[in-house]
Amino acid sequence: MSVDTVSPLRQRMIEDMNARKLGAGTQRGHIRGCKLFAAFLRRSPDTATAEDIRRFQLHLSETGASICNRNRIMTGVRFLFRVTLRRLDLAAEIYHLREPQKIPLVISPDETKRLLAVASSLKARVLLSLGYGCGLRASEVVRLKVKHIDSAQKIIRVEQSKGRKDRNVMLSPETLDLLRQWWKARRDHDATTPLQERWLFPGRRPGKPMTTRQLSRLFHEAADAAGIKKGVTLHALRHSFATHLLERGTDIRIIQALLGHDKLDTTARYTRVATGMIANVESPLDLLSQSRKKPRKHREDPPPA
């Protein structure tokens with residue numbers, strides 16, 4: 001059996017990423033970018049020149065890599081040169097392209113209602129209800145523990161999520177009722193674990209929560225059963241949560257806090273997809289039509305002197 005060896009350069013880069021507490025997904029992306037660069041060079045990246053970096057970026061463009069993918073790859077390469085190799089001159093040769101701003105796909109309240117109604121099991125309905133009803137990311141849903149549910153204060157505590165931030169979201173009576181139903185039906189795989197530390201949705205591996213891939217599969221099964229034809233992903237539940245709150249008049253800064261966004265601009269993009277608000281705006285063309293249809297007032301003769 002062959003064992004993959006880690007080069008000293010990659011090991012040093014991994015140590016640098018660990019020291020900066022970069023997430024596992026970020027580290028995988030950085031390593032992937034550097035492996036692609038090394039494969040292009042056919043030698044170790046620490047021998048690269050400014051011309052090599054220029055040719056690699058040109059190669060990514062010519063092979064049709066998307067802007068988002070190109071930026072991810074070059075972010076990893078820049079970390080290698082800026083942090084691990086301390087070659088700031090080469091890091092300065094790396095450029096990033098402005099990524100296209102796309103409007104997130106959302107599902108309507110009626111579609112959401114159908115999606116939750118046709119969920120294949122109680123577990124699926126609870127998981128999807130948390131995604132939509134609380135605006136949680138997939139990774140946040142699957143990593144919920146008993147200690148995160150505060151029924152007294154009617155909140156769910158989300159710990160150390162994206163950006164290593166904590167936040168609170170609402171715990172509605174319906175969500176709490178679903179969680180209690182699920183807890184009664186849940187198979188106790190971790191009876192030896194203290195109650196407060198038990199996963200609400202344990203995975204197949206002992207001591208681990210279910211995976212986001214499993215949750216995504218449950219979402220797509222429910223979306224198909226509900227007849228939703230849009231090319232939506234599981235993250236559409238979070239988008240829909242924010243959009244539907246905005247359409248009902250919830251203050252955008254409250255939505256920002258519930259989503260855990262640092263910048264209001266990030267939350268403000270939902271104003272572009274709040275279809276209910278957009279559809280209710282009266283077009284100036286209609287106003288022109290209304291003015292044309294108004295009956296003219298007849299001019300009255302002046303009263304006799």
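Start at 1 with the first residue, then count along the sequence. Computation of the quantities below employed the complete heavy-atom set of this structure, encompassing side-chain atoms and omitting hydrogens, waters and symmetry-equivalent molecules.
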Can you sort out the partners of [X] under ring pair (Phe, Tyr, Trp, His ring centres under 6.0 Å), two or more places apart, ordered by chain and number?
X	value
Phe79	His30
His59	Phe40
Trp182	Phe201
Tyr270	His239

Study note, to complete from the structure: Those residues at least two apart in sequence (or on a different chain) that pass side-chain contact (heavy atoms from CB on, under 4.5 Å) with Ala50 are Leu90, Glu93

Regarding [X] and [Y], do their side chains bring together a donor and an acceptor under 3.5 Å, going by distance alone?
X	Y	result
Asn69	Ser66	no
Asn18	Gln27	yes
Thr243	Ser240	no

Check your understanding: Between Ser108 and Asp110, does a side-chain hydrogen bond (donor to acceptor under 3.5 Å, both in side chains) hold up when you go through it step by step?
Key -> CA-CA 5 Å; Ser108 70; Asp110 286 342; 5.3 Å; no

Point to revise | Full working for salt bridge (charged side-chain N to carboxylate O under 4.0 Å, His left out) between Arg180 and Asp177 | key: CA-CA 5 Å; Arg180 283 172 172 164; Asp177 182 58; over 6 Å; no

**Study point:** Those residues that, when tested against Thr233, pass side chain to side chain donor-acceptor pair (under 3.5 Å) (two or more places apart)
**Key:** none

Point to revise | Set of residues satisfying side chain to side chain donor-acceptor pair (under 3.5 Å) with respect to Thr47, sequence neighbours excluded | key: Arg43

Check your understanding: Which pairs count as salt bridge (charged side-chain N to carboxylate O under 4.0 Å, His left out) when at least one residue sits in residues 117-132, sequence neighbours excluded?
Key -> none

Practice item. Kindly say whether Val106 contributes a backbone atom to a donor-acceptor pair with the side chain of Lys230 at under 3.5 angstrom? Key: yes

**Study point:** Single hit among Arg10, Glu15, Arg12 for side-chain contact (heavy atoms from CB on, under 4.5 Å) with Thr84
**Key:** Arg12

Point to revise | Test salt bridge (charged side-chain N to carboxylate O under 4.0 Å, His left out) applied to Glu140 and Lys162, Arg167, Lys145, the passing residue | key: Arg167

Exercise for review: Please identify each residue that fulfils salt bridge (charged side-chain N to carboxylate O under 4.0 Å, His left out) with Glu221, with sequence neighbours left out.
Suggested key: Arg217

Revision key, fill the gap. Hits for salt bridge (charged side-chain N to carboxylate O under 4.0 Å, His left out) against Arg157, two or more places apart or cross-chain, chain-then-number order -> Glu159, Asp166

Check your understanding: If you look only at pairs with a residue in residues 114-170, which of them pass as a ring-ring contact (aromatic ring centres under 6.0 Å, His included), with sequence neighbours excluded?
Key -> Tyr132-His244

Practice item. Give every residue pair that meets the ring-ring contact (aromatic ring centres under 6.0 Å, His included) criterion with at least one member in residues 246-266, sequence neighbours excluded. Key: none

Practice item. Check the surroundings of atom NZ in Lys113: do more than 12 heavy atoms from other residues, nucleotides or ligands lie under 6.0 Å from it? Key: no

Check your understanding: Can you check side chain to side chain contact (heavy atoms under 4.5 Å, CB included) on Ile254 and Leu258, steps first, answer last?
Key -> CA-CA 6 Å; Ile254 294 177; Leu258 291 172; 4.1 Å; yes

Point to revise | Passing candidate, ring-ring contact (aromatic ring centres under 6.0 Å, His included) with Phe56, options Phe37, Phe81, Tyr95 | key: Phe37

